[in-house]
Amino acid sequence: MKFAVIVFPGSNCDVDMYHAVRDILEEEVEYVWHTETDLSAYDALLLPGGFSYGDYLRGGAIARFAPVMEAVKEAAERGTFVLGVCNGFQILLEAGLLPGAMRRNNSLKFRCFHTPLEVVNTDTPFTSHYMEGEVIFIPIAHGEGNYYCDPATLAELEQNRQIVFRYKENPNGSVGDIAGIINKAGNVLGMMPHPERAVEDLLGSRDGLRLFTSILQAWRGSHVTV
C-alpha cells in the first residue's frame with residue numbers, strides 16, 4: 001500500500017504523519033507537494049495538521065485552492081482513502097469534501113492535550129480495529145476546532161452514521177461533541193485529534209495506531225488476493 005502525505009506551505013505535522021506510516025505501520029509513503037496535480041499513484045492520501053498558507057482568513061480557506069486539491073477531489077471520487085487531521089480536516093471542510101465548517105474554540109484559547117474520544121462508528125475503513133463505544137485517548141492541538149453544522153446537517157450526519165468520533169469532554173464547543181466525521185461514501189474522514197501522535201508508547205498512547213491499521217486492512221481486503 002502506498003500513502004501520500006500532502007504538504008502545504010505551513011504544514012507542521014507532515015513529519016509526524018510520515019513517521020507513523022513509514023516507521024510504525026511499515027508501509028510505503030511519500031511527501032507530495034501542494035503543487036502536484038496527479039495522485040493516481042497513491043492508495044491513501046493524508047492531509048496533516050499545521051497552518052496551511054498561514055491559515056490567513058481562516059483554517060484551510062486558502063489551501064482549498066491549491067493545485068493538489070483538484071487531484072484530491074478526483075481521488076476521493078475514485079474511492080481512494082482520504083484522511084484529514086486538524087488543519088487537514090479544516091481543508092476538507094473548506095473544499096466541500098465534508099459538510100460543515102470550523103470555528104474558533106469557544107474558549108478562544110489554543111487547546112493542546114490528550115483527550116478521551118468515543119468511537120461511534122466502527123463500520124468504516126478507518127475504524128474497523130476499534131470497538132463501538134470504546135473510549136480512546138488521542139491528543140488535540142488546535143485553536144480553531146469548534147466544528148459546526150446546521151441542525152438539518154447534524155440530523156443527516158447522525159442518520160447516516162457519519163459521526164465517527166465524539167469528544168467525551170468537549171474541549172472546543174463542537175456541535176454534538178463531534179470530533180470526526182466521514183463522507184457518505186465512507187472513504188473521506190476528517191478529525192481534529194491527531195492519531196499520528198498516538199502510535200507508540202513513547203508518545204503516551206498507541207490508540208491512534210489502530211486507525212492506520214484499519215486503513216491497511218481495508219485496502220488489503222480489496223487489493224490483495226491469496
Side-chain angles (χ1 to χ4, degrees), residues 1-8 11-22 24-25 27-32 34 39 42-50 52 59-60 63-64 66 68-69 71-100 102 117 119-130 136 138-142 145 147 162-165 178-199 207-220 222:
M1 185 175 186
K2 190 172 184 178
F3 290 77
V5 175
I6 310 297
V7 183
F8 302 89
S11 296
N12 64 15
C13 301
D14 45 330
V15 176
D16 298 341
M17 198 72 86
Y18 189 95
H19 167 70
V21 174
R22 186 192 64 179
I24 308 300
L25 194 63
E27 290 295 316
E28 187 177 1
V29 59
E30 292 180 352
Y31 291 116
V32 175
H34 64 117
L39 297 174
Y42 303 100
D43 304 302
L45 310 178
L46 309 176
L47 280 67
S52 56
R64 64 165 292 191
V68 75
M69 288 308 299
V72 171
K73 290 179 182 177
E74 293 170 4
E77 290 172 0
R78 291 195 300 269
T80 301
F81 300 135
V82 179
L83 170 65
V85 172
C86 199
N87 194 220
F89 185 15
Q90 295 164 346
I91 295 169
L92 293 177
L93 293 172
E94 292 286 338
L97 285 167
L98 291 171
M102 204 65 74
L117 304 178
V119 182
V120 179
N121 184 356
T122 57
D123 295 328
T124 85
F126 304 90
T127 53
S128 63
H129 283 183
Y130 296 104
I136 60 176
I138 305 286
I140 60 168
H142 58 247
Y147 176 79
Q162 290 177 249
I163 300 171
V164 178
F165 298 108
I178 288 175
I181 59 173
I182 200 165
N183 65 339
K184 288 182 180 177
N187 66 309
V188 179
L189 173 69
M191 60 189 296
M192 286 310 294
H194 289 261
E196 79 281 7
R197 292 182 179 176
V199 294
D207 287 345
L209 178 58
R210 282 180 283 161
L211 188 145
F212 293 98
T213 58
S214 295
I215 297 173
L216 183 57
Q217 176 177 285
W219 181 84
R220 285 176 172 170
S222 58

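Atom set for the values below is all heavy atoms of this structure, side chains included, hydrogens, waters and symmetry mates excluded.
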Show the nearest heavy-atom pair for residues [X] and [Y], with the distance to one decimal.
X: His194; Y: Gly49; result: CE1-CA, 4.3 Å
X: Asn121; Y: Thr127; result: O-OG1, 2.7 Å
X: Gly190; Y: Leu98; result: N-CD1, 3.5 Å
X: Met191; Y: Phe165; result: CE-CE1, 3.7 Å
X: Ala218; Y: Phe81; result: CB-CZ, 3.8 Å
X: Tyr147; Y: Pro99; result: OH-O, 2.7 Å

Within a strict 4.5 Å, meaning less than it, do heavy atoms of the [X] and [Y] side chains meet?
X: Met102; Y: His142; answer: no
X: Glu30; Y: Tyr42; answer: yes
X: Leu117; Y: Pro193; answer: yes
X: Glu196; Y: Leu46; answer: no

Open item on the list: Going by salt bridge (charged side-chain N to carboxylate O under 4.0 Å, His left out), name the pairs with one or both residues in residues 76-92, residues two or more places apart or in two chains.
Closed with: none
Would the distance check show the side chain of [X] and the main-chain N or O of [Y] forming a donor-acceptor pair, the cut-off being under 3.5 Å?
X: Arg197; Y: Pro139; answer: no
X: Tyr130; Y: Leu211; answer: yes
X: Glu28; Y: Met1; answer: no
X: Asn183; Y: Leu97; answer: no

TODO: Please say whether more than 12 non-hydrogen atoms of neighbouring residues, nucleotides or ligands are located less than 6.0 Å from NZ in Lys184.
DONE: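 No, the 6.0 Å shell around NZ holds no more than 12 heavy atoms from other groups.
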- [ ] I would like to know whether Val164 and Phe126 meet side-chain contact (heavy atoms from CB on, under 4.5 Å); could you show each step before the answer?
- [x] CA-CA 9 Å; Val164 178; Phe126 304 90; 5.9 Å; no
Let me confirm one number: the [atom1]-[atom2] distance from [X] to [Y], rounded to the nearest 0.5 Å.
X: Leu92; Y: Ile182; atom1: CG; atom2: CD1; value: 11.5 Å
X: Leu209; Y: Ile24; atom1: CG; atom2: CD1; value: 7.5 Å
X: His19; Y: Asp16; atom1: NE2; atom2: CG; value: 8.0 Å
X: His34; Y: Met69; atom1: NE2; atom2: CE; value: 13.0 Å
X: Thr124; Y: Ile215; atom1: OG1; atom2: CD1; value: 8.5 Å

Taking only residues two or more places apart in sequence or in another chain, which ones pass side-chain hydrogen bond (donor to acceptor under 3.5 Å, both in side chains) with [X]?
X: Ser11; result: none
X: His129; result: Thr213, Gln217
X: Asn12; result: none
X: Asp43; result: Trp219

Open item on the list: As a test of understanding, state which of Asp14, Val68, Ile91 forms a side chain to side chain contact (heavy atoms under 4.5 Å, CB included) with Leu47.
Closed with: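 Testing Leu47 for a side chain to side chain contact (heavy atoms under 4.5 Å, CB included) against Asp14, Val68, Ile91 leaves exactly one candidate, Ile91.
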- [ ] Under the ring-ring contact (aromatic ring centres under 6.0 Å, His included) rule, collect the residues that match up with Tyr18, sequence neighbours excluded.
- [x] Tyr31
